[in-house]
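To keep things clear, I will list the structure first and then write my remarks on it.
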Protein chains: 2
Amino acid sequence: MKIGQLARSAGLNASAIRYYEKRGLLAAPQRTGGQRRYASDALSRVLLIRFATDMGFTLSEIKLFLSGLRDNTPVGPRWKKLATRKLIEVEQNIARSLKLKSLLQGLLHCHCPSLQFCVNCLRLSPKLCRFDSIRLKRR
Amino acid sequence: MKIGQLARSAGLNASAIRYYEKRGLLAAPQRTGGQRRYASDALSRVLLIRFATDMGFTLSEIKLFLSGLRDNTPVGPRWKKLATRKLIEVEQNIARSLKLKSLLQGLLHCHCPSLQFCVNCLRLSPKLCRFDSIRLKRR
DNA sequence: CTAAAACTTAAAGTCAGCTTTAAGTCAAGC
DNA sequence: GCTTGACTTAAAGCTGACTTTAAGTTTTAG
């Protein structure tokens, strides 16, 4: 499998695959005439990486729990620790988003004469909306 | 009020205030000896900007609905439109985060022999986690 | 009067996860 | 054999919201 085929199968750009290799998330495959040739298990690896990025893990985190992961390596404590931390982040993000939602709804249904006043009337302090949140993709 | 005092009151860095001015979100104040001197209403303006960024609005969006906003300008249709759109984005984000949460929990409590297998066993397609999401701050 | 703190500017740097560019090499179909 | 498309590299560019830097000026405290 050439890089373009792999990329298309994973729903990524070929440059992203090369980037993963450079970042050390993906092993450098064999080459034919200088071009990368991937075995079929590379696809599941790439899909796993993509899945993890979609989960909100950074590439560094993924590299951490992927290091030494070959085919049927058991789910390690490393992964559990990272996933637990990420779960907490996701929960914080949900809490934050729910608060944002109710604030937005409050602002939308409020009959204050001005936005400035409205913000005051909802008693929004500078601290109110400061939460940690996970990195979420835009696309 | 000098810029440092304003910044401290708003919980921001002085450079952020200057940045808002450069981006056109904040009017250039009077100066004394080249240094910016702010009237007290500048603080509520800055707090409004900060509140909006915390809500997930971009500075460009904020500039849009802030343009022409002076003290008690009524809440405009511009703001309503933007806020409605943002509300939808926030709701999508919540839906996505809830899905992420259950996936993470599923992975954590699963007894699959490997992460790779687990991802397969949860029937995770490449498309599963692709949602639009709003920009959320990290701090 | 002096030293330190706070201010000024423009421009460059930061973060993450890629994408794009430039200038080439290789492979596949006709 | 030739064209076209896919591949190669390193390095630079992109996004957004700032921050940092460098080099200088002003204000304030003592």
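In this text, all values refer to a predicted model and were calculated from it rather than measured experimentally. Below, read A as the first sequence line, B as the second, and so on, with proteins coming before strands; counting in each chain starts at 1.
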Whole angstrom is fine here: how far is it from [atom1] in [X] over to [atom2] in [N]?
X: B/Asn13; N: D/dT20; atom1: CG; atom2: C1'; value: 10 Å
X: B/Leu12; N: D/dG16; atom1: CG; atom2: P; value: 20 Å
X: B/Lys2; N: D/dT27; atom1: NZ; atom2: C1'; value: 5 Å
X: B/Gln5; N: C/dA6; atom1: CD; atom2: P; value: 11 Å
X: A/Leu59; N: C/dT19; atom1: CG; atom2: P; value: 11 Å
X: B/Leu25; N: D/dA17; atom1: CG; atom2: P; value: 9 Å
X: B/Glu21; N: C/dT8; atom1: CD; atom2: P; value: 9 Å
X: B/Lys22; N: D/dC18; atom1: NZ; atom2: C1'; value: 10 Å

Minimum-distance nucleotide (side-chain atoms of A/Tyr19 versus C/dT20, C/dG17, D/dT9):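 Nucleotide nearest to A/Tyr19's side chain: C/dG17.
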
Per B/Gln35 side chain, nearest of listed nucleotides D/dT26, D/dT28, C/dC18: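 Of the candidates, D/dT26 comes closest.
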
side-chain N/O A/Arg36 vs D/dT8 OP1/OP2, d < 4.0 Å: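 Yes, such a contact exists.
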
Under 4.0 angstrom between B/Thr58 side-chain N/O and D/dG16 OP1 or OP2: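 It does not, given that no N or O in the side chain of B/Thr58 lies less than 4.0 Å from OP1 or OP2 of D/dG16.
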
A/Gly34 or B/Arg23, whichever maps to the more 5' nucleotide of DNA chain D: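 The residue whose closest nucleotide sits nearer the 5' end is A/Gly34.
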
Option among B/Lys81, B/Arg85, B/Arg23 that satisfies the salt bridge (charged side-chain N to carboxylate O under 4.0 Å, His left out) test with B/Glu61: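 One option only clears the test, and that one is B/Arg85.
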
Closest-nucleotide ordering on DNA chain C, the 5'-leading residue of A/Ala14 and A/Thr32: A/Ala14

Polar side-chain atom of A/Gln5 near backbone of A/Lys2 as donor-acceptor pair, under 3.5 Å: no

